[in-house]
Amino acid sequence: MKNIFLAFLIISQFVLAQNKNKIDTTKVVELDNVFVTANRTATQRKETPVAISKLTAKTINETKAVAAYELVNKTPGALMVNLGNEQHMMAIRQPMTTNAYYLYLEDGLPIRPMGIFNHNALLEINQFNLESIEVVKGPVSSLYGPEAVGGTINLISQKPSFNPEFKFGIQADQWGYKRFQAAGGATIGKIGFHIVGISSLQENGWMTFSDYNKDNLNIRIDYNINTNTRLISNTMWGKYYSDMSGGVNENDFYNRDYKSTSDFTYRKSDALRTRLTLEHDWNENASSYLTTYHRDNKLGQNPSYGIRWSADPTKKDIYYPTQNNNPELAYGEINSNNFKSYGLVGQHTQKFDFLNTKLVAGALYDFSPVSYWAYRTDLKANLNPGGLTVNNYEVIAERPDVKISDYTADIYNAAGYAQLSFNPFEKFIISLGGRYDNMKVDYANALDQSTGDKIYDRFTFKVGANYNPFDNAGFYGNYSQGFSPPNITSIFRAKPRTGGTTGIPAEFYYNLKPATFENYEIGGWISLFENKLNFDYALYYMDGKNELLNVRLENNDTDYRSAGETRHKGIEFGVSYKPSQQINFRLGGTYAQHTFIDFEVSDKSTDALQNLNGKEMPNAPRWSGNSEISYYPNWLPNFRTALEWQLVSSYYQDQVNTVKYSGYDVFNFRAGYQWKGIEIYGNIINLTDKLYAYNVSRANLSTSQPAYLAAAPRTFLLGIQYNFSLKK
């Protein structure tokens, strides 16, 4: 990264020399009420019949986030769960889950191709390169395709500035974390560029075996061919490696003995994404773009969540032989998932005078070859006194001869979509949208020597309306469909034929069904006191069929199943109040219920099936929210402070609804001061040093031991940044 920072300095000096006599006659206006994600084109909030929120550049800059969850959690209705070292899972109109119900976009383009969802995809992003974040809640499969079910998060990158700009800085905390960051850009004639790099490092943290390092570099180059035509190049390179400390047992958690049970588990990622976009404005009513892109990802891990051990040594394991009455015998796995993508997406937007109609239509083609393998590791479980919990695991042997999964596949994704909006009468807007997706998987499975293809296709539809009877108030309603095909990693992995403790022959499930969703939603917004007070809300009711659930088994393993029917309903709300230039108050949250409607699960204590109809889904807090009060004193210009409150209410740890975790509420404090081009800031995360866990889970039975994903003790983050801009 030192070479990157040196390059920034050299480039900035060159740009200063080239631009010293130029004058910027443009004005930059931040339009908080304009969104691009919900309709794939710039649209005002009052014309968008969905629940959508935007985190602006000001919010991102003042948060000084170490990881993306610190930002996303400011969105009403969104709970991004920190799994440590920028790893994460999500809860938007779903329980806290790692399932493929969220679509992560980078400037409108999916970070992963369909069929290769990864809940940790956002750890690849460059936080220093974010201009804004848009979060759409609810299904938008009719525009973006599969996996856009619970929510869609669009990370919008910074663009080249007209004036030469350069900034660099460092931030660090007392637990061994530090990050170096630098960015620079300018426009020279018809060419604009923006370069951003970060390098993060964690060493000897509060949790044992929790080091990580991450490097990112983003380069954007804009070529303004003429006033109507632009050629835009984006390149992202990232490298990530992290120890995977996992959770701690109940006794260690409450004693604040933050020690990992393994010192060999890890996650690593090498990512390269490039894209080239040609944009053309035909006239003031018509515009088009064509984007070609390439992805190259290499993902490897020895996952802590893959360790399987049972306090009862007579239990059978779904992938492995019996434990032969040896309570110290455990198993793990090592896996690798590599893919490349070659794709093309084109879109045209056309406006018509008749009924103020706007049409957005496009098509996508994506070819993604992928290879995946996983094999067993044999472990020794060193038990605590009493033999019911594990002190730590040791690797006995790696077993590449015992394959858990081994396949190659070519994934072909093709899609076409269109959305039409029009005004049948004044202040009333109707939106119609539809998309057809076809995913074909040509596979070769080495486990059973099978080859063939599988096809998942579906048409999804959306209809919505906005009614804005007043300039300061509006309402909307929509019906939308979503669907998510099974991740191919789960299709070609050995599964149990039945539950229970005896005679579990393995077979390969090729019949996992796509999950489908129907969402009904109403909402609205109101602005009072000359926009000083703003309130928005959304009520939703969503039914899921064949929902793909990670069913947790008693040996801490999970089994991916098409699990009958589920229901998700709730209300999301956000309030902002700015009584003066000095005070800004924000309140946001959600109340939700996630229940099983038609679902059975194996109870291994009785070898019987339990009917869970009507029970709450695990890891599903009813209340969650994030609120903040900010103070910008007139008596000290360029100084800011903010106090943030994060709330997560209690939730069931198990599927049979017998044991709850109490949840948590935690406070964070942030302050910063800028003097000329120098900015000094400090964040106190977990201000009261509260003992809490980001997530607590256990197997099906209440008698099994919970795993606590402990949150960090009080953390002091300090940073300094130099910002330079040449303006005339």
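Start at 1 with the first residue, then count along the sequence.
Neither side chain, His194 nor Glu131, offers a donor N or O lying under 3.5 Å from an acceptor on the other. Side-chain contact check for Arg586 and Asn626: at least one donor-acceptor pair (N or O, by modelled atom type) lies under 3.5 Å. Donor-acceptor pairing under 3.5 Å is lacking for the side chains of Ser141 and Thr460. For the residue pair Ser431/Ser421, the side-chain donor-acceptor check at 3.5 Å is not satisfied. Side chains of Glu106 and Tyr104: no donor on one and acceptor on the other come within 3.5 Å. For the 3.5 Å distance criterion, the side chains of Arg40 and Tyr417 qualify, holding a donor opposite an acceptor. In this structure, a donor-acceptor pair under 3.5 Å is absent between the side chains of Tyr479 and Glu521. Defined by atom type and a distance below 3.5 Å, a donor-acceptor pair is missing between the side-chain atoms of Glu147 and Tyr102.
For the pair Tyr342 and His294, the minimum side-chain heavy-atom distance is below 4.5 Å. In this structure, Val50 and Lys137 have side chains that are not in contact, with every pair of non-hydrogen atoms separated by 4.5 Å or more. For the pair Phe461/Val463, a side-chain contact is recorded, criterion being any heavy-atom separation below 4.5 Å from C-beta on. Inter-residue side-chain proximity for Glu518 and Tyr520 is flagged as met; some heavy-atom pair is nearer than 4.5 Å. When side chains are defined from C-beta on, Met90 does not count as touching Thr97, because their heavy atoms never get closer than 4.5 Å. No side-chain heavy atom of Trp623 sits less than 4.5 Å from a side-chain heavy atom of Thr590. With contacts defined as side-chain heavy-atom distances shorter than 4.5 Å, the pair Leu359/Phe352 qualifies. Residues Asn297 and Glu124 have side chains in contact (heavy-atom distance under 4.5 Å, counting atoms from C-beta outward).
Ring centroid separation for the pair Phe459 and Tyr436 does not come in under the 6.0 Å cut-off. With ring centers used as reference points, Tyr101 lies under 6.0 Å from Phe517.
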I would like to know whether Glu616 and Arg622 meet salt bridge (charged side-chain N to carboxylate O under 4.0 Å, His left out); could you show each step before the answer? CA-CA 10 Å; Glu616 293 188 37; Arg622 289 198 174 188; 2.8 Å; yes
Please test Asp107 against Leu109 for side-chain contact (heavy atoms from CB on, under 4.5 Å), starting from the C-alpha separation and ending with a verdict. CA-CA 6 Å; Asp107 295 318; Leu109 193 68; over 6 Å; no
Start with the C-alpha distance between Asn478 and Tyr476, add both sets of side-chain angles, then the distance that settles side-chain contact (heavy atoms from CB on, under 4.5 Å), and finish with yes or no. CA-CA 7 Å; Asn478 78 57; Tyr476 77 87; 3.9 Å; yes
Between Asp281 and Asn228, does a side chain to side chain donor-acceptor pair (under 3.5 Å) hold up when you go through it step by step? CA-CA 5 Å; Asp281 300 324; Asn228 295 321; over 6 Å; no
When you look at Lys351 and Glu284, which way does the salt bridge (charged side-chain N to carboxylate O under 4.0 Å, His left out) test go after all the steps? CA-CA 9 Å; Lys351 297 179 181 179; Glu284 61 180 9; over 6 Å; no
Check step by step if side chain to side chain donor-acceptor pair (under 3.5 Å) holds for Asn39 and Gln419. CA-CA 8 Å; Asn39 298 292; Gln419 177 166 289; 2.4 Å; yes
Could you walk me through whether Lys454 and Tyr456 satisfy the side-chain contact (heavy atoms from CB on, under 4.5 Å) test, starting with their C-alpha distance in whole Å, then the side-chain angles of each, then the deciding distance to 0.1 Å, before giving a yes or no? CA-CA 7 Å; Lys454 291 190 71 64; Tyr456 300 95; 2.9 Å; yes
Does Asp543 form a salt bridge (charged side-chain N to carboxylate O under 4.0 Å, His left out) with Arg567? I'd like the steps, not just the answer. CA-CA 5 Å; Asp543 278 341; Arg567 179 161 296 153; 2.7 Å; yes
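Of all the heavy atoms in Gln158 and Leu130, the pair that sits closest is NE2-O, 3.5 Å. The two residues Asp366 and Pro113 make their nearest non-hydrogen contact at OD1-CB, 3.9 Å. Nearest approach of Ser53 to Phe35, heavy atoms of both residues: C-CE2, 3.8 Å. Pro469 and Ala473 get closest at one heavy-atom pair: CD-O, 3.8 Å. The two residues Asn546 and Pro514 have their closest heavy-atom pair at CB-O, 3.5 Å. Between Arg435 and Leu143 the shortest heavy-atom distance is NH1-O, 2.7 Å.
Judged purely by atom type and a 3.5 angstrom limit, Asn472 uses its side chain to pair as donor or acceptor with the backbone of Ser527. The backbone N or O of Ala286 sits nowhere less than 3.5 Å from a side-chain atom of Thr349 that would complete a donor-acceptor pair. Using modelled atom types, no side-chain atom of Asp222 and backbone atom of Pro160 make a donor-acceptor pair closer than 3.5 Å. For Ser233 (side chain) and Ile221 (main-chain N/O), no donor-acceptor pair under 3.5 Å exists by modelled atom type. When atom types are taken as modelled, the side chain of Ser288 and the backbone of His348 share no donor-acceptor pair closer than 3.5 angstrom. Between the side chain of Ser490 and the main chain of Pro486, no donor-acceptor pair closer than 3.5 Å is present. Without hydrogens or angle criteria, Lys569 side chain to Met542 main chain gives no donor-acceptor distance under 3.5 Å. Within the 3.5 Å criterion, the main-chain N or O of Asn99 finds no donor-acceptor partner in the side chain of His119. Between the side chain of Asn285 and the backbone N or O of Gln350, no donor-acceptor pair lies under 3.5 Å. Glu134 places a side-chain N or O within 3.5 Å of a backbone atom of Val36 that can act as its donor or acceptor partner.
Taking the six-membered ring for Trp and thresholds of 30 and 60 degrees, Tyr412 and Tyr365 have ring planes inclined between 30 and 60 degrees apart. Relative orientation of the Phe475 and Tyr467 rings is parallel, given thresholds of 30° and 60° on the angle between their planes.
Other residues, nucleotides and ligands contribute more than 12 heavy atoms inside 6.0 Å of the CG atom of Asn283. Within a 6.0 Å sphere centred on CG of Asn226, other residues, nucleotides and ligands contribute more than 12 heavy atoms. Annotation: Phe470, atom CZ; neighbour count of heavy atoms from other residues, nucleotides and ligands within 6.0 Å does not exceed 12.
A side-chain contact (heavy atoms from CB on, under 4.5 Å) with Ile133 is found for one member of Ile60, Thr75, Ile156 and no other, namely Ile60.
Taking the ring centre of Phe339 as origin, the terminal cationic atom of Arg295 falls outside the region bounded by 6.0 Å and 45° from the ring axis.
For the atom pair Met96 CE and Asn619 CG, the distance stands at 4.5 Å (nearest 0.5 Å). For the atom pair CD1 (Ile597) and CZ (Phe599), the distance works out to 12.5 Å, reported to the nearest 0.5 Å. Between the CD1 atom of Ile111 and the CZ atom of Phe117 there is a distance of 10.5 Å, given to the nearest 0.5 Å. Rounding to the nearest 0.5 Å gives a distance of 9.0 Å between NZ of Lys54 and OG1 of Thr37. Rounding to the nearest 0.5 Å places CG of Asn413 at 11.5 Å from CG of Asp457. Between the CD atom of Glu62 and the OG atom of Ser630 there is a distance of 6.5 Å, given to the nearest 0.5 Å.
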